[in-house]
Every structure is written in structure tokens, then in C-alpha cells.
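Computed from heavy atoms alone, side chains included, the values below leave out hydrogens, waters and symmetry copies. Computed from a predicted structure; not experimentally measured.
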Amino acid sequence: MNIFDTMTASFSGERVSHTDTFILAGVVLAVLIGARTLHKRMQSKD
């Protein structure tokens, strides 16, 4: 699965399989959680 092709297909209105959609949602969620955790760690070090 290519994440960028799946994102492009999702936003252009093409059909995307449920599996690709769930994987993409998981990747986005993991990135958001990672960024939030990193932000909190950086704030606590100050």
C-alpha cells in the first residue's frame, strides 16, 4: 500500500478499499499521538 496514492485517491473521489482506509486512519492517528507526546515532552523540559 502506498500511503500517498491512497490519500490522493481518497480526496479525488476514487474508490478506496476499507483496509486501506483503516491503515491510513491508523497512520494519521499514530502521527498525531506522536506529535502530541513530543510536544508535551518538549514543554516539560523547559
Side-chain angles (χ1 to χ4, degrees):
M1 178 189 122
N2 187 348
I3 293 174
F4 296 112
D5 287 344
T6 303
M7 285 176 42
T8 305
S10 295
F11 289 114
S12 69
E14 295 179 35
R15 292 186 139 256
V16 180
S17 72
H18 290 295
T19 305
D20 287 348
T21 305
F22 285 122
I23 291 171
L24 185 60
V27 167
V28 170
L29 186 62
V31 168
L32 288 175
I33 290 171
R36 187 175 180 184
T37 303
L38 182 63
H39 181 68
K40 283 183 179 182
R41 284 187 182 177
M42 289 178 71
Q43 280 186 340
S44 67
K45 286 185 178 181
D46 289 343

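Considering only residues two or more places apart in sequence or on other chains, Ser10 meets the side-chain contact (heavy atoms from CB on, under 4.5 Å) condition with Thr6, Val16, Leu24. Looking at residues two or more places apart in sequence or on another chain, you find a side-chain hydrogen bond (donor to acceptor under 3.5 Å, both in side chains) between His39 and Gln43.
Considering CE of Met7 and CG of Asp20, their distance stands at 13.0 Å, rounded to 0.5 Å.
In this structure, Ile33 belongs to a hydrophobic cluster whose other members, linked by side-chain heavy atoms under 4.5 Å apart, are Leu29.
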